[in-house]
Amino acid sequence: MNTAISSIRNLGPAYEEACHRAGITSAEDLRAIGADAAYARLLQTGTRPHFIGYYVLVMALQGRPWNDCKGKEKEELRQRFDAIKADAQPQHSTKLLAELDAIGVRVAAADLKPL
């Protein structure tokens with residue numbers, strides 16, 4: 001079967017489009033890959049990291065409302081999200097950007113200091 005990703009509760013057309021860019025083309029694929037691996041693939045293909053987007057995916061794959069995530073569970077998901085984000089190596093849109101990152105020429109926005 002090839003069920004649409006947007007058929008999963010809380011995952012709409014924008015999430016489905018991001019999944020397609022990451023090579024995840026069906027709800028069955030997404031469930032088989034799992035939330036952590038799928039989110040890592042989303043980051044690698046240009047999706048900007050956002051904690052809510054991550055835990056919505058986790059809750060969706062568990063069949064739970066997105067706002068069901070609270071307390072200790074939410075704290076643990078935040079740790080998993082931070083680890084996924086730290087490990088994610090986005091694919092660059094151009095070879096030039098990849099080369100600049102490889103030699104350390106580009107400065108990350110987090111490293112910029114106000115004047």
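What you see is a predicted model; the values in this text were computed from it and never measured.
A tilted orientation is assigned to the rings of Phe81 and Tyr39, their planes being inclined by 30° to 60°.
Distance check, rounded to the nearest 0.5 Å: SG of Cys69 to CD1 of Ile52 gives 10.5 Å. Remark: Leu77 CG to Glu75 CD distance equals 10.5 Å, nearest 0.5 Å. Between Tyr55 atom OH and Asn67 atom CG the span is 7.5 Å, to the nearest 0.5 Å. The NE2 atom of His50 sits 12.5 Å away from atom OG1 of Thr47, with the distance rounded to the nearest 0.5 Å.
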- prompt: Checking side-chain contact (heavy atoms from CB on, under 4.5 Å) for the pair Leu57/Leu30: CA distance, chi angles, key distance, verdict?
  reply: CA-CA 10 Å; Leu57 176 60; Leu30 183 57; 3.9 Å; yes
task: Report the C-alpha separation of Arg31 and Ile8 in whole Å, then their side-chain angles, then the decisive distance to 0.1 Å, and conclude whether the side-chain contact (heavy atoms from CB on, under 4.5 Å) test is met.
output: CA-CA 10 Å; Arg31 286 188 180 99; Ile8 298 173; 3.5 Å; yes
- prompt: Can you list the steps and then say if Thr25 with Cys19 is a side-chain contact (heavy atoms from CB on, under 4.5 Å)?
  reply: CA-CA 7 Å; Thr25 59; Cys19 286; over 6 Å; no
message: For a salt bridge (charged side-chain N to carboxylate O under 4.0 Å, His left out) check, start with the C-alpha distance between Arg80 and Glu76, then their side-chain angles and the critical distance, and finish with the verdict.
response: CA-CA 6 Å; Arg80 285 173 41 191; Glu76 290 170 358; over 6 Å; no
Candidate pair Tyr15 and Leu42, rule side-chain contact (heavy atoms from CB on, under 4.5 Å), full reasoning: CA-CA 10 Å; Tyr15 220 107; Leu42 292 175; 3.7 Å; yes
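Of the possible donor and acceptor atoms, one in the side chain of Thr45 sits under 3.5 Å from a partner among the backbone N and O of Arg41. Of the possible polar contacts, one joining the Glu28 side chain to the Thr3 backbone as a donor-acceptor pair under 3.5 Å is found. Between the side chain of Asn10 and the backbone N or O of Arg64, at least one donor-acceptor pair lies under 3.5 Å.
Scanning both residues, Gly63 and Arg9, for their nearest heavy atoms gives O-NH1, 4.1 Å. Closest approach of Ala35 to Leu61, counting heavy atoms only: N-CD1, 3.6 Å. Taking both residues in full, the closest heavy atoms of Ala27 and Ile5 are given as N-CG1, 3.7 Å, listed atom of the first, atom of the second, then distance. When every heavy atom of Ala4 is checked against every heavy atom of Ser7, the shortest pair comes out as O-OG, 2.5 Å. Minimum heavy-atom separation, Ile33 to Ala37: CG2-CB, 3.5 Å. Ala38 approaches Ile24 most closely through the heavy-atom pair CB-CD1, 3.8 Å.
The shortest side-chain heavy-atom distance between Tyr54 and Lys85 does not fall under the 4.5 Å cut-off. Counting heavy atoms from C-beta on, the side chains of Leu43 and Pro49 come closer than 4.5 Å.
Lys70 NZ: more than 12 foreign heavy atoms inside a 6.0 Å radius.
Ion pairing between a basic and an acidic side chain is recognised when a charged N comes within 4.0 Å of a carboxylate O; Glu17 and Arg21 show such pairing. Remark: Arg78 does not engage Glu73 in a salt bridge, criterion side-chain N to carboxylate O under 4.0 Å.
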